[in-house]
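To keep things clear, I will list the structure first and then write my remarks on it.
The first residue in the sequence is number 1, and the count goes up from there.
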Amino acid sequence: MKSTMNYKHRYLIRFVLFLFLVSGNVFAQKLTKQEAIRLTLENNYGILIATNNIDVAKNNKGLLNSGYLPTLAANAGANYQETTSNTSFPGAINPDTGLPREDIEIDGAETQRYNASLNFNYTLFDGLGRYYNYKRLKEQYNLTELQARETIENTMLQLFSVYYEIARLTENEQVLEETLRISKERVTRSTYQFEYGQNTKLNVLNAEVDVANDSINLLNTKQQLANTKRDLNVIVDNELEEQFTVDTIVKFISRLEIDSYLEKSVDNNVTLLQNESNIRISDYDIKVSKSGYLPTIGLTGSYGWNENRNPPSAFFPGNVADTYTLAGGLSLSWNLFDGGGTITRVKNAKIALDSQELAKIQVEQQVKRDIANALGNYENRLKVYEIQQQNVVTNQNNFERSKERFNLGQITSIEFRQAQINLIQAQTNKTLAKYDAKLAELQLLQLTGQLLNIDF
């Protein structure tokens, strides 16, 4: 007897261990909101591309791209020439011998030339074009940061729309599993009652039909849940079949905080901030274009070395010459009239600035409208959620009472099923209302510029 108990005990331990190994991965992989945010910020391709754009803008606004540094160029060269020559003197008499002068032949005369130089150039003044272009590049960096922030905000909204959809489907799955369990119990009860002659076969068939419908609804929900999890894995760059659970707890921000965010929405909205940045860039464009009206002053310098190795010829004994040159200069260039190019650029830059200021007015109106709509949607969905919470309580009480009456035979299976369906709808509607309200809150926070400043 003791060995049998030990055997059963060992079998039970192995079975529990097997279940743990099979399901432990799922239990361990709970993807919290904070972890989902971290994975998204680290792995999402859209955010990574936006981060690369920031790095490019950072390089562009650096001192190395400002035009304030001089240029220094090195040049070097070498030339080699080999010449064979034959010089004749027709009719010429050698005064020493009195004989006709002999031809002079030079074979393989080498000419070598070497040179090297350092050239220095520095622009002392370019009509302030360099100064304002440097400021423009800095503002372009700020604009790129704002564009990256907008990308991150949109990605966060996408992340949580999928995350909360998983949470909603998870809660619905639990509701449908409980519904299926109750329906299966009803089949069992109806079967016993039929066997003992307390009801008809029709009640058994109705119960079995409801089990089939509930099973189908549960299967469809499970499939939707699996698909949505794959969507989230794409966003956070996980393996597509990575399994995890999500946090279904939702906390809403207090109305006092919402009101404080609304007061500062114009100063923090990323679209308005981008528009302000574009206005500053357009203003710098005007000043850069106006620099064409002013002169350019430059400083130049050079240091050079040349060496010439000349071979002997019929009249020259050959030589080697080395020269060293040090030069410096100051230059002024003033384009008094460039055919109207500078005037045209200034005019177009002013028009672009005017367009940006008009766009600012338009964007401000649109943002105010969007915030008002988002606030209205948020308040409405919160009220709907409150109503749905109470509706669940009402339908839960109605279902429990209907269940008691059904067990006592006081209502039909159709009436019981209707109470069950009403409860399912109330529970799923409450879940939908909860996450709809939270997403409306996140959209409002994005418009007020606070989406990345809250604790999820």
Side-chain angles (χ1 to χ4, degrees), residues 12 15-16 19 23 26-27 30 164-226 228 245-252 380-439:
L12 180 61
F15 180 71
V16 172
L19 290 178
S23 60
V26 176
F27 290 124
K30 182 170 184 178
Y164 286 136
E165 179 64 9
I166 293 174
R168 184 185 73 84
L169 291 170
T170 299
E171 293 193 43
N172 285 353
E173 182 183 32
Q174 296 170 356
V175 169
L176 293 174
E177 285 177 345
E178 176 64 17
T179 301
L180 180 59
R181 184 190 66 79
I182 294 173
S183 296
K184 287 181 177 180
E185 288 181 354
R186 186 173 137 221
V187 169
T188 303
R189 178 181 293 272
S190 297
T191 302
Y192 287 153
Q193 290 175 343
F194 172 70
E195 291 175 352
Y196 287 99
Q198 295 178 358
N199 62 18
T200 64
K201 184 65 175 178
L202 181 60
N203 289 332
V204 178
L205 294 175
N206 286 337
E208 290 176 347
V209 168
D210 293 338
V211 166
N213 290 332
D214 293 339
S215 299
I216 292 172
N217 291 335
L218 180 59
L219 286 173
N220 289 336
T221 300
K222 285 180 178 293
Q223 183 60 47
Q224 290 176 2
L225 181 59
T228 310
T245 60
V246 297
D247 186 3
T248 58
I249 298 175
V250 170
K251 297 180 180 178
F252 293 98
N380 180 69
R381 290 179 182 180
L382 274 181
K383 291 178 182 177
V384 170
Y385 177 48
E386 292 174 1
I387 293 172
Q388 292 293 356
Q389 284 179 305
Q390 183 58 45
N391 192 33
V392 168
V393 174
T394 302
N395 278 277
Q396 183 69 47
N397 292 335
N398 178 64
F399 174 74
E400 295 296 337
R401 185 175 179 183
S402 298
K403 185 177 180 181
E404 292 175 2
R405 296 183 62 190
F406 176 71
N407 292 337
L408 295 173
Q410 295 177 353
I411 62 173
T412 64
S413 60
I414 295 176
E415 293 173 312
F416 173 77
R417 180 61 176 178
Q418 186 60 51
Q420 189 181 31
I421 291 174
N422 291 342
L423 177 59
I424 296 170
Q425 290 178 342
Q427 290 172 327
T428 55
N429 287 341
K430 184 202 77 169
T431 304
L432 177 62
K434 178 173 69 172
Y435 295 114
D436 277 351
K438 187 60 182 179
L439 287 176

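Note that OG1 of Thr412 and CG of Asn206 are 9.0 Å apart. Values are rounded to the nearest 0.5 Å. Rounding to the nearest 0.5 Å places CD of Gln425 at 10.0 Å from CD of Gln388. With rounding to the nearest 0.5 angstrom, the CD1 atom of Ile424 is 3.5 Å from the OG1 atom of Thr179. Atom CG of residue Leu225 and atom CD of residue Glu165 lie 9.0 Å apart, to the nearest 0.5 angstrom.
No hydrogens or angles considered: nothing links the side chains of Gln174 and Glu178 as a donor-acceptor pair under 3.5 Å. In this structure, a donor-acceptor pair under 3.5 Å is present between the side chains of Asn391 and Asn395. For the residue pair Gln418 and Asn422, a side-chain donor N or O sits within less than 3.5 Å of a side-chain acceptor on the partner.
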Evaluation steps, side chain to side chain donor-acceptor pair (under 3.5 Å), between Ser183 and Asp210: CA-CA 7 Å; Ser183 296; Asp210 293 338; 5.9 Å; no
Given the rule in the side chain to side chain donor-acceptor pair (under 3.5 Å) test, do Glu386 and Gln390 qualify, once you have shown the distances and angles that lead to the verdict? CA-CA 7 Å; Glu386 292 174 1; Gln390 183 58 45; over 6 Å; no
Under the criterion salt bridge (charged side-chain N to carboxylate O under 4.0 Å, His left out), I'd like the reasoning laid out for Lys430 against Glu171: C-alpha separation, chi angles, the key distance, then a yes or no. CA-CA 10 Å; Lys430 184 202 77 169; Glu171 293 193 43; 5.2 Å; no
Verdict with supporting geometry, Glu177 and Arg181, salt bridge (charged side-chain N to carboxylate O under 4.0 Å, His left out): CA-CA 6 Å; Glu177 285 177 345; Arg181 184 190 66 79; over 6 Å; no
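Among pairs with a residue in residues 186-208, none fulfils ring-ring contact (aromatic ring centres under 6.0 Å, His included), at least two apart in sequence or across chains.
In this structure, the ring-ring contact (aromatic ring centres under 6.0 Å, His included) partners of Phe399, at least two apart in sequence or on a different chain, are Phe416.
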